[in-house]
Structure formats: structure tokens, C-alpha cells
Amino acid sequence: AQTVTQSQPEMSVQEAETVTLSCTYDTSESDYYLFWYKQPPSRQMILVIRQEAYKQQNATENRFSVNFQKAAKSFSLKISDSQLGDAAMYFCAYMVSGYSGGGADGLTFGKGTHLIIQP
Amino acid sequence: EAQVTQNPRYLITVTGKKLTVTCSQNMNHEYMSWYRQDPGLGLRQIYYSMNVEVTDKGDVPEGYKVSRKEKRNFPLILESPSPNQTSLYFCASKGLRAGGYDEQFFGPGTRLTVL
């Protein structure tokens, strides 16, 4: 079974600085997706960024980028120019690629990292 | 607007009183699932459904039931709630395409407290 590990329960960063959230995962699959979700105080689950395992290029979405190291099974999220609105819980998640016909079509989440933005 | 809705959003109940949390999606998605979120544990899958009348257990199914009689609806049933089921619950849905990516859409969450 796949597992996702976020080793930083909480991180703090000054506004406008850069912060990196760590995530490692374990899987025997070769084709899968990795995600970072943001959960603000409203509790809404917001997809921040997605990475396909077969792509070597790291995904980028505006101020958010990932460092995907497939061999090391590492998937970190970098937030540049941190803003107060970035304060939230961030979850790393994994999903097997394609239609497997089973529970693997769902997401496996890490335990989350609480990001605090200091003004 | 494409969305997943859940009701109620907040619920306080007592041990043993049966309850149902409804979930509905308007995107004609085949796949629907329920997750619970607990502090320090992240989100864990309770049950999922691949299509109408097809359901299966996720990682933490004990104490829960589901049904999928219509494609758009996937209610979560707690026959005899207990305090350890106090949690934040999310319903999610997505399409199913062989070899393709389908984004998972989440509902707004239901905060359940069992006294």
C-alpha cells in the first residue's frame, strides 16, 4: 500500500520570503500523480499543484513550484513571495494513474503541514 | 456551476442516534468517495463507489455505511454513531477515464460532533 509522509507538522515563514514544504511517499507503482492541496480556515480543499510521475519537468503554478525527485520518492512544494493568504494547512497526496478499478483511484494523503505566515 | 454539495455542514448529535450525511454532485461523475479528516492524521478514505450500486470499503470503513442508488448521490450513514466518529467529513467525486487524469472535486465538508 502506498503511504505519504509529511515530516513537518508546522512551518513558519516571513511574508514575502520563500518556504519549502517536504513530502515523501512510498509506492510500487511506476505511473501516478502527486498533488499539493491547500486547506484554509474555511476547510475547503483547494488543489494547488499536480505532478505526473512520468514527467521529468517540475510543475509550476505562479508562485508555487515543486521539486519532484522520482528515484528518491520526494515531492516538495516551494512557495515564493509568501503572502498572508497562503496561511493554511497543506496536504501532500498521491493517486495512482489511470483507472485501476479499485480504491487506488482515491487519494492517499499525508498528515499535513500547518503553514504560518508572519507579517 | 460544477460542484459537490454536502448536508448538513455542521451536526451535533448523541451516541447511538442514527444519522445520514448527504452528498450530491452535478458533474455526472462515476466515482464518488468519502473521507474523514482528523487532526494529525490527514484525510483517510472511508468508502468509495465506482458507479451506481457499486461500493467498496476504503481504509477506515468501520462504523459507516454508504449507498449509491443514483449516480449523483452518495450518502454516508452512521447507524450508531460513537464519539470516535467526531470528525470532519469530505465527499469527493471524479470521472473515470482509462489512462487519463480526472480531477477530484471535494465538497465543502461536514463537521460532525458525537457527544
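Proteins get letters first, then strands, A, B, ... in listed order; numbering begins at 1 in each. Just so it is clear, the structure is predicted and the values come from calculations on it, not from any experiment. Because only heavy atoms are used, hydrogens play no part in the values below, and waters and symmetry mates are left out as well, while side chains stay in.
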Above 12 or not: heavy atoms from other molecules or residues under 6.0 Å from NZ of A:Lys38? yes
B:Phe90 portion near chain A, given a 4.5 angstrom heavy-atom threshold: side chain
Given side chains that start at C-beta, do those of B:Gln37 and A:Arg43 come closer than 4.5 Å, heavy atoms only? no
Atom pair CD/CZ of B:Glu103 and A:Phe35 - distance to nearest 0.5 Å: 8.0 Å
Same cluster for B:Leu78 and B:Leu11 if Ile/Leu/Val/Met/Phe/Trp/Tyr side chains link at under 4.5 Å? yes
I'd like to check B:Tyr35 versus A:Met45 (side-chain heavy atoms, cut-off strictly below 4.5 Å). Are they in contact? no
Taking everything shown except A:Lys78 itself, do over 12 heavy atoms lie less than 6.0 Å from its NZ? no
Taking all heavy atoms of B:Phe106 and all of A:Leu107, pick out the closest pair and write down the distance. CZ-CD1, 3.7 Å
Taking atom CG of A:Asn62 as the centre, does the number of heavy atoms from other residues, nucleotides or ligands within less than 6.0 Å exceed 12? no
So for atom CG, which belongs to B:Leu41, do other residues, nucleotides or ligands contribute more than 12 heavy atoms lying within a distance under 6.0 Å? yes
Check whether A:Gln6 gets within reach of chain B through its side chain, its backbone, both or neither, counting any heavy atom under 4.5 Å. neither
Among A:Ile46, A:Thr108, A:Val4, A:Leu47, residue most engaged with chain B (heavy-atom pairs, under 4.5 Å): A:Leu47
Using a cut-off of 6.0 Å, state whether more than 12 heavy atoms not belonging to A:Gln56 lie near its atom CD. no
Picking from B:Pro108, B:Gly58, B:Gly40, which has the most non-hydrogen pairs under 4.5 angstrom with chain A? B:Gly40
Taking atom CD of A:Gln57 as the centre, does the number of heavy atoms from other residues, nucleotides or ligands within less than 6.0 Å exceed 12? no
Between A:Tyr37 and B:Gln104 the two heavy atoms that sit nearest each other are OH-O, 4.1 Å
